[in-house]
Novice: 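Would you mind keeping the following structure in view while I ask a few things?
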Amino acid sequence: MKNDNLIIAGKSYSSRLLVGTGKYKDFAETQAAVETSGAEIITIAIRRSNIGQNPYEPNLLDILPPSKYTLLPNTAGCYSAEDAVRTLRLARELLDGHSLVKLEVLGDAQSLYPNVVETLAAAKTLVAEGFQVMVYTSDDPIIARQLEDIGCVAIMPLASLIGTGMGILNPWNLQLILERVQVPVLVDAGVGTASDAAIAMELGCHGVLMNTAIAAARNPVLMASAMNQAVQAGRAAFLAGRMPKKLYSASPSSPTTGMIAKH
Amino acid sequence: MISIFINGMARDFEQPLSVNELVQKMSLGGKRIALERNGEIVPRSQFAQQLLLDGDKLEIVVAVGGG
């Protein structure tokens with residue numbers, strides 16, 4: 001396939017798979033899985049530094065250098081617009097002015113369901129401050145359009161709840177979002193295995209973001225490879241245009257003429 | 001004696017110090033960090049100039065693995 005790149009905020013990416021960097025057993029596994037996934041955009045979290053207790057603590061940015069990957073700092077763990085905005089201001093400073101970010105504001109510690117009211121408020125502030133906001137949200141098509149109207153550069157609805165691996169629970173809502181939003185729509189959260197990623201792409205999503213589906217697989221590096229292929233296969237199937245589904249068909253795949261005679 | 005809250009922990013210092021001096025004391029000099037002072041970002045370029053005051057609240061962050 002020629003020139004089927006994902007364009008986000010005017011920048012072109014050849015991979016439609018975005019991956020997180022959490023929950024791996026060590027940095028070596030993180031690095032191997034990220035590399036194998038083929039992802040160019042990878043999410044990172046922002047957390048308090050040690051303050052001298054562990055001066056030789058390895059730094060994630062040493063194994064995943066910003067020169068090689070587009071780092072997407074997130075606001076995971078934030079429950080208010082204010083905390084999310086502060087976190088991303090820190091991220092921008094940390095990454096030397098880098099403005100592409102992933103906004104997520106959670107509403108409930110048990111389900112990790114997004115708080116869309118706080119998300120909308122944070123998105124407004126961040127866009128006004130010049131951030132390019134890829135926004136994690138529910139699969140509500142009205143909220144998705146409001147986030148686009150605010151100026152978010154990508155809408156990232158959940159397929160199911162973060163970390164559950166439940167797959168795409170409401171493909172119809174994703175379709176409503178895809179029909180109503182002009183910016184890229186990426187499924188973020190809920191993908192459990194390769195077929196889920198392929199289904200998201202076949203629906204017409206522009207990309208998929210996942211973390212746990214790879215990190216919590218028995219063999220994360222192998223799953224990273226599977227996801228890489230699934231996203232490509234799903235995208236190709238979407239572009240190819242699937243055959244219509246029907247209950248039965250009077251059109252067998254083999255010729256109906258030239259059958260041998262009854263003896 | 002001044003007291004500064006760093007990532008939620010109180011630390012006492014004998015005399016006033018700059019952000020840069022504090023970062024050095026924490027063995028964070030030259031590391032990829034970002035710093036917020038009383039809710040406002042302090043750009044790295046201002047670490048040397050900004051003098052810390054008693055009761056300042058600092059947040060010092062790094063990138064970690066996350067989704």
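Both backbone and side-chain heavy atoms feed into the values below; hydrogens, waters and symmetry mates do not. The model shown is predicted, which means the values in this text are computed figures rather than measured ones. Each chain gets a letter, A, B and so on, in the order its sequence line appears, and its residues count up from 1.
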Novice: Can you tell if the side chain of B/Glu36 reaches within under 4.5 Å of the side chain of A/Glu93, non-hydrogen atoms only?
Specialist: no
Novice: So which of A/Val19, A/Leu60, A/Ile162, A/Asp188 has the largest heavy-atom pair count under 4.5 angstrom toward chain B?
Specialist: A/Leu60
Novice: If you count heavy-atom pairs within less than 4.5 Å of chain B, which of A/Leu71, A/Leu18, A/Thr21 leads?
Specialist: A/Thr21
Novice: Which atoms of B/Lys25 are under 4.5 Å from chain A, going by heavy atoms: the side chain, the backbone, both sets, or neither?
Specialist: neither
Novice: Keeping A/Ser49 on the side-chain end and B/Val62 on the backbone end, is there a donor-acceptor pair under 3.5 Å?
Specialist: no
Novice: Name the region of B/Leu22, side chain, backbone, both or neither, that has any atom closer than 4.5 Å to a heavy atom of chain A.
Specialist: neither
Novice: Among A/Arg48, A/Arg47, A/Lys102, which has the most heavy-atom pairs under 4.5 Å with chain B?
Specialist: A/Arg48
Novice: For A/Pro66 and B/Arg32, work out which heavy atoms get closest and say how close.
Specialist: CG-NH2, 4.2 Å
Novice: At a heavy-atom separation under 4.5 Å, does B/Ile60 approach chain A through its side chain, its backbone, both, or neither?
Specialist: both
Novice: Of the backbone (N, CA, C, O) and the side chain (C-beta and beyond), which part of A/Lys23 lies under 4.5 Å from a heavy atom of chain B, both, or neither?
Specialist: neither
Novice: Let's test your reading of the structure: which of A/Ala45, A/Gly22, A/Ala91 forms the most heavy-atom pairs below 4.5 Å with chain B?
Specialist: A/Ala45
Novice: Is B/Val23 in contact with chain A via its backbone, its side chain, both, or neither, using a 4.5 Å heavy-atom distance?
Specialist: neither
Novice: Can you say whether A/Glu57 sits under 4.5 Å from chain B via the side chain, the backbone, both, or neither, judging by heavy atoms?
Specialist: neither
Novice: Go through B/Glu40 and A/Arg89 one step at a time and tell me if the side chain to side chain contact (heavy atoms under 4.5 Å, CB included) criterion holds.
Specialist: CA-CA 9 Å; B/Glu40 301 289 331; A/Arg89 286 178 185 146; over 6 Å; no
Novice: To the nearest 0.5 Å, what is the distance between CG (A/Leu61) and NZ (B/Lys31)?
Specialist: 12.5 Å
Novice: Quick one: of A/Asn54, A/Leu90, A/Leu209, who has the most non-hydrogen atom pairs under 4.5 Å with chain B?
Specialist: A/Leu90
Novice: May I ask you to check whether over 12 heavy atoms, not counting those of B/Gln49, lie within 6.0 Å of atom CD?
Specialist: yes
Novice: Is any side-chain N of the basic residue among B/Arg44 and A/Asp96 closer than 4.0 Å to the acidic one's carboxylate O?
Specialist: yes
Novice: Quick one: of A/Ile51, A/Thr87, A/Leu64, A/Thr43, who has the most non-hydrogen atom pairs under 4.5 Å with chain B?
Specialist: A/Ile51
Novice: Need one label for B/Leu28: side chain, backbone, both or neither, based on atoms under 4.5 Å from any heavy atom in chain A.
Specialist: side chain
Novice: Need one label for A/Pro58: side chain, backbone, both or neither, based on atoms under 4.5 Å from any heavy atom in chain B.
Specialist: neither
